Engineer: 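Dropping the structure in here first, questions after.
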Amino acid sequence: MVAGKGKGKDSRQRGRGTSEAVVGQVDGGRAELTPDRERSNAWTLLIDGAPQSHVDLDDPGYLDFAYQRRIGHLIDLAAPARQPLNVVHLGGGAFTLARYTAAGRPRSTQQVVEIDAGLVAFVREHLPLDPQARVRVRAVDARAGLAKIPDGWADLVIADVFSGARTPAHLTSTEFLDDVRRALAPTGWYVANLADGPPLAHLRGQIATAASRFTDLALAADPVVWRGKRFGNAVLVAADRELPVAEFTRRVASDPHPGRVEHGRALADFAGGAAPVGDASATPSPEPPPSVFR
């Protein structure tokens, strides 16, 4: 979520056969589905005016937002092509990444954890999931939902949780990552959508927090975000096995909105000695400036 200027330019309509926007009130505020005028059955989900997800019902393998494309690359690289995965999605949005996984990796088993029950109902009504997709949606807090995942079950845990355009504090800590590691298979990956702006203190702290719990990390972001020039999204991947950094770097660099991937010593240097964040000291991610959504 929080996908302002890093979004691509491609769009469609809704599965109900109308090009009109759809509006509803959900627990998190005013939900709106706006039709993509360039794609015949695609929609952007906004909450209180902030873009949350883009989904193409006719082509769920299409990802419009830059950060979702980067997560899509990681879903593609997590295992050989078409191999089913067990995936936990913390944060639901329009279920874009769950749809992407189901399309590219049939027979995958997925659990979506989304606290906003009203949003879940809104999306189910207007952007229904393929009934053949093995996707279970639970309307509970992300950390509470994660606690229900069996030990070692998940090949991927994908965190994309925002409340009022900010990641809640309890999803930024070492204790949270301890439960992520418990739920992951030994070869599994943790993937997180992070949002920050100058001076990037939150992003540096999240790198340090992940480095305290995982042996290999990589981070993808727009060059202007890396340089601390603009608020934006960064995608973190962490694992206890070697990551395919070279291929991830190549894919991110060839995106419509090219990004840069840092790894190893360069990423540690970027973190600059930031300390890991625990529950006692955790704070929400920064509030994005209004210009992000213009």
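Since this is a predicted model, take the numbers as computed values, not measurements.
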Engineer: Write down the atom of Gly197, the atom of Phe231, and the distance for their closest heavy-atom approach.
Structural biologist: N-CD1, 3.4 Å
Engineer: Is there any salt bridge (Lys or Arg N to Asp or Glu O under 4.0 Å) pair reaching into residues 191-201, and which pairs are they, with sequence neighbours excluded?
Structural biologist: none
Engineer: Looking at Arg107 and Pro84, would you say the former's side chain and the latter's main chain have a donor-acceptor pair under 3.5 Å?
Structural biologist: no
Engineer: Are Pro284 and Pro168 close enough that some pair of their side-chain heavy atoms sits under 4.5 Å apart?
Structural biologist: no
Engineer: Using a 4.5 Å cut-off on heavy atoms from C-beta on, say whether the side chain of Val55 contacts that of Leu45.
Structural biologist: no
Engineer: For Arg134 and Thr109, which I'm curious about, is there any donor-acceptor pair between the side chains at under 3.5 Å?
Structural biologist: yes
Engineer: Between the main-chain N or O of His54 and the side-chain N or O of Thr96, is there a donor-acceptor pair closer than 3.5 Å?
Structural biologist: yes
Engineer: Mind listing the side-chain donor-acceptor pairs of residues 171-178 below 3.5 Å, one per line with the distance, residues two or more places apart or on another chain?
Structural biologist:
from: Thr172; atom 1: OG1; to: Ala169; atom 2: O; distance (Å): 2.7
from: Ser173; atom 1: OG; to: Phe176; atom 2: N; distance (Å): 3.1
from: Ser173; atom 1: OG; to: Asp279; atom 2: OD1; distance (Å): 2.6
from: Glu175; atom 1: OE1; to: Asp279; atom 2: N; distance (Å): 2.8
from: Asp178; atom 1: OD1; to: Arg213; atom 2: NE; distance (Å): 2.6

Engineer: Report the distance from atom CG of Leu217 to atom CD of Glu262, rounding to the nearest 0.5 Å.
Structural biologist: 12.5 Å
Engineer: Just how far is it from atom CZ of Phe122 to atom CG of Asp27, taken to the nearest 0.5 Å?
Structural biologist: 12.5 Å
Engineer: Using a 3.5 Å distance criterion without hydrogens, assess whether the side chain of Arg260 forms a donor-acceptor pair with backbone atoms of Pro223.
Structural biologist: no
Engineer: For residues Val112 and Phe95, determine if any side-chain heavy atom of one lies less than 4.5 Å from a side-chain heavy atom of the other.
Structural biologist: yes
Engineer: What's the verdict on side chain to side chain contact (heavy atoms under 4.5 Å, CB included) for Leu184 and Trp153, showing C-alpha distance, side-chain angles and the deciding distance?
Structural biologist: CA-CA 6 Å; Leu184 282 171; Trp153 180 83; over 6 Å; no
Engineer: Would you please say whether a donor-acceptor pair under 3.5 Å links the side chains of Gln110 and His89?
Structural biologist: yes
Engineer: For Arg70 and Ala234, indicate whether the former's side chain and the latter's backbone hold a donor-acceptor pair under 3.5 Å.
Structural biologist: no
Engineer: Are side-chain heavy atoms of Val237 and Leu243 found at a separation under 4.5 Å?
Structural biologist: yes
Engineer: Counting C-beta onward and ignoring hydrogens, is there a side-chain heavy-atom pair between Ile71 and Ile158 closer than 4.5 Å?
Structural biologist: yes
Engineer: Is a side-chain donor or acceptor of Asp116 paired with a backbone partner of Gly118 at a separation under 3.5 angstrom?
Structural biologist: yes
Engineer: For Asp240 and Tyr190, test the side chains for any donor-to-acceptor distance below 3.5 angstrom and give the result as yes or no.
Structural biologist: no
Engineer: Checking Leu194 against Val235 for the side chain to side chain contact (heavy atoms under 4.5 Å, CB included) test, could you report, in this order, the C-alpha distance in whole Å, the side-chain angles of both residues, the deciding distance, and whether it holds?
Structural biologist: CA-CA 6 Å; Leu194 308 174; Val235 171; over 6 Å; no
Engineer: Considering only NZ, NE, NH1 and NH2 on the basic side and carboxylate oxygens on the acidic side, decide whether Arg251 and Asp255 come within less than 4.0 Å.
Structural biologist: no
Engineer: What pairs with Leu85 under side chain to side chain contact (heavy atoms under 4.5 Å, CB included), at least two apart in sequence or on another chain?
Structural biologist: Ala78, Ala79, Val87, Arg105, Ser108, Asp155, Leu156
Engineer: Using only atom types and a distance under 3.5 Å, with no angle test, would you say the side chain of Arg241 pairs donor to acceptor with the backbone of Thr187?
Structural biologist: yes
Engineer: Please report the interatomic distance CZ(Arg143) to CG(Leu146), rounded to the nearest 0.5 Å.
Structural biologist: 8.5 Å
Engineer: May I ask you to decide whether Asp64 forms a salt bridge with Arg69, counting only side-chain N to carboxylate O separations under 4.0 Å?
Structural biologist: no
Engineer: List in chain and number order the residues that pass side chain to side chain contact (heavy atoms under 4.5 Å, CB included) with Asp48, two or more places apart in sequence or in another chain; answer none if no residue qualifies.
Structural biologist: Arg30
Engineer: Where do Ala102 and Ala133 come nearest, in terms of heavy atoms and distance?
Structural biologist: CB-CB, 4.0 Å
Engineer: Decide yes or no on side chain to side chain contact (heavy atoms under 4.5 Å, CB included) for Val252 and His73, but give the supporting numbers first.
Structural biologist: CA-CA 8 Å; Val252 169; His73 296 324; 4.2 Å; yes
Engineer: Quick check: closest heavy atoms across Arg166 and Ser285, and the distance to 0.1 Å?
Structural biologist: NE-O, 2.6 Å
Engineer: Just wondering, do Leu127 and Leu57 contact through their side chains at under 4.5 Å, heavy atoms?
Structural biologist: yes
Engineer: Return each pair, listed once, that meets ring pair (Phe, Tyr, Trp, His ring centres under 6.0 Å) where at least one residue sits in residues 193-226; pairs must be two or more places apart or across chains.
Structural biologist: Trp226-Phe270
Engineer: Checking the side chain of Gln68 only, and the main-chain atoms of Gly72 only, is there a donor and an acceptor separated by less than 3.5 Å?
Structural biologist: no
Engineer: Mind checking side chain to side chain contact (heavy atoms under 4.5 Å, CB included) for Arg250 and listing every partner two or more places apart, or none if nothing turns up?
Structural biologist: Glu247
Engineer: Under the side chain to side chain contact (heavy atoms under 4.5 Å, CB included) rule, what do Val191 and Val157 come out as? Steps first, then yes or no, please.
Structural biologist: CA-CA 6 Å; Val191 178; Val157 172; over 6 Å; no
Engineer: Working to the nearest 0.5 Å, report the span between CG of Asn233 and CG of Asp222.
Structural biologist: 8.5 Å
Engineer: Has the side chain of Ser281 got a donor or acceptor atom that lies under 3.5 Å from a matching backbone atom of Val277?
Structural biologist: no
Engineer: Above 12 or not: heavy atoms from other molecules or residues under 6.0 Å from CD of Glu242?
Structural biologist: no
Engineer: Give the minimum heavy-atom separation between Ile47 and Gly28, together with the two atoms involved.
Structural biologist: CG2-O, 3.7 Å
Engineer: So, taking the atom named CD1 in Ile115 and the one named CZ in Arg138, what distance separates them when rounded to the nearest 0.5 Å?
Structural biologist: 12.5 Å
Engineer: Between Asp56 and Tyr62 (side chain of the first, backbone of the second, donor and acceptor by atom type, cut-off under 3.5 Å), is there such a pair?
Structural biologist: no
Engineer: Check Ser53 against Ala94 and note the closest heavy-atom contact, atom names and distance.
Structural biologist: OG-N, 3.2 Å
Engineer: Report yes if some heavy atom in the side chain of Pro60 is under 4.5 Å from a heavy atom in the side chain of Tyr100; otherwise report no.
Structural biologist: no
Engineer: If I take atom OG1 from residue Thr101 and atom CD1 from residue Ile75, how far apart are they, to the nearest 0.5 angstrom?
Structural biologist: 3.5 Å
